[in-house]
There are 2 protein chains.
Amino acid sequence: MDEIDTKIMDLLQTDARLSNRELARRLGVAPSTSLERIRVLTRRGVIRGYHADISLTALNRGVQALVAVKLRTPARAAIDGFKEFASRLPEVISVFVVAGDDDFLVHVGVQDLDHLHAFLVDRLSSRRDIAGFRTSVVFEETRKTKLGRLESSAVGA
Amino acid sequence: MDEIDTKIMDLLQTDARLSNRELARRLGVAPSTSLERIRVLTRRGVIRGYHADISLTALNRGVQALVAVKLRTPARAAIDGFKEFASRLPEVISVFVVAGDDDFLVHVGVQDLDHLHAFLVDRLSSRRDIAGFRTSVVFEETRKTKLGRLESSAVGA
DNA sequence: GGTGAAAATAGTCCCAC
DNA sequence: GTGGGACTATTTTCACC
C-alpha cells in the first residue's frame, strides 16, 4: 500500500469512470502498471466496487430521515431479525447496528413527509420487537466524495 | 424519465465502470443512444458522479461511530459554523443537519477506539457551541448498493 | 429520439527488463 | 513490479431515419 495505491484510491473515489489510460497518466506510470495495481487492489478487497451517485430527488427520495430504533430484547436473534427486516424495506438506504442509547440507526429516504409518516407507522410501529424509536428528519446532508486514508499512528503518546 | 433511464440508473449504480457498449447491450439500444441518455441524465443532475467504493479498513477507518450533536444555540450562524467545522475534519465521513432531539448527526470513521476517544475529547468537547453529544459506536453497517426509484404515489387515499 | 458505420481513442495481453 | 508495443475493443461523432 504505497503512494501509488493511495493515489489510485483517491482518483477512483473522485471519478470511477476515469479511463485506465488517463489514470496511468496522472499516476506517472504505464497503463499496464495501473491496470495491474487496480487488479491487485480489487482482489485484496480494497476496491469494493464502483457506483454511480444518483440524485435522491430523481429517485423520489427527496425527504430523508435517520431513525434511532431500540429493541425490546437486544439479543442476537432479535438484532439479526430486525436488521434483515429493515435492510429489505425499499425506503431504507442503510442500516447501522450500534452500541449506545439505541440498537439501530436506520437511514431512510422517501418521497415526502406523508410517506415518512406512513413508513414509521405502517412499517415500524407494527413490529412487536421494537421498544421505541426516535426520528430525526434530515435538512441537509454533506457527504465526503473522497475519503482520505488516515495516518496509522498512536494517539497522544 | 422512462424505463430506459431507470434501467441506466440501476445498472450504473451497480457497476459504474460498465462499458457503454455493454450498457447499451443490456438496455437493448444502440451504444450511441445510451451515450446520449447518460449525457442528458448527467446534464440534468440526475447522475451526480461515479465513485469507487473503498474498504474503510484500507483507509484506516475500521471503527465507525455516529455522533448526535446538540448545539447550545441552534441558530443559523451556529448551525452553519458547526457544519463547516465538522465537514472539514478528516475523521468525518458525512454530516447530517437534522430536526429532532439533536441538531446534527455526524458519521465518523477512525482507526480504532483510541482514535475515536481522541476525536471526541479533542475535536468536539473543546467547542463552546456544543451543548452535548451522544456517541453510537457502529458494530455493523448494511448499505444498499443499488437504490430503486420509489413509486410516485399518494399515501393511503 | 434513435441508428449504424467510420474514425479516433482506449483497453489488454505478452514478453523483456 | 514495470514498461513498450501490438492487437483488439470501445467510444464518439455524424449523416440519416
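What you see is a predicted model, and the numbers here were worked out from it, not measured in a lab.
- Computed from coordinates, the A/Leu35 CG to D/dT2 C1' distance equals 13 Å when rounded to whole Å.
- We find that CD1 of A/Ile38 is positioned 13 Å from P of C/dC13, with the value rounded to whole Å.
- A straight line from CZ of B/Arg43 to C1' of C/dG1 spans 13 Å, rounded to a whole angstrom.
- Of the two residues near DNA chain D, B/Arg21 and A/Val40, the one whose nearest nucleotide lies more 5' is A/Val40.
- Contact annotation: the side chain of B/Ser34 never approaches that of B/Glu22 to less than 4.5 Å [non-hydrogen atoms, C-beta and beyond].
- Comparing D/dT12, C/dG11, C/dG1 by their closest approach to the side chain of B/Arg37 singles out C/dG1.
- Under the 4.0 Å criterion applied to side-chain N and carboxylate O atoms, A/Asp10 and A/Lys7 are not assigned as salt-bridge partners.
- Of the listed nucleotides (D/dT12, C/dG11, C/dT3), C/dT3 has the atom at the smallest distance from the side chain of B/Ser32.
- Following rounding to the nearest Å, B/Leu23 (CG) and C/dG2 (P) show an atom-to-atom distance of 13 Å.
- Rounded to a whole Å, the CG atom of A/Asn20 is 15 Å from the C1' atom of D/dT8.
- Only one option out of A/Leu116, A/Leu120, A/Val110 pairs with A/Glu91 in a side-chain contact (heavy atoms from CB on, under 4.5 Å); it is A/Val110.
- Exactly one residue among B/Ile4, B/Leu23, B/Ile47, B/Leu27 makes a side-chain contact (heavy atoms from CB on, under 4.5 Å) with B/Arg37. That residue is B/Ile4.
- Comparing atom distances between the B/Ala30 side chain and each of C/dG4, D/dT12, C/dA10 picks out C/dG4 as nearest.
- Listed candidates were D/dG3, D/dT13, D/dT11. Nearest to the side chain of B/Arg39 is D/dT13.
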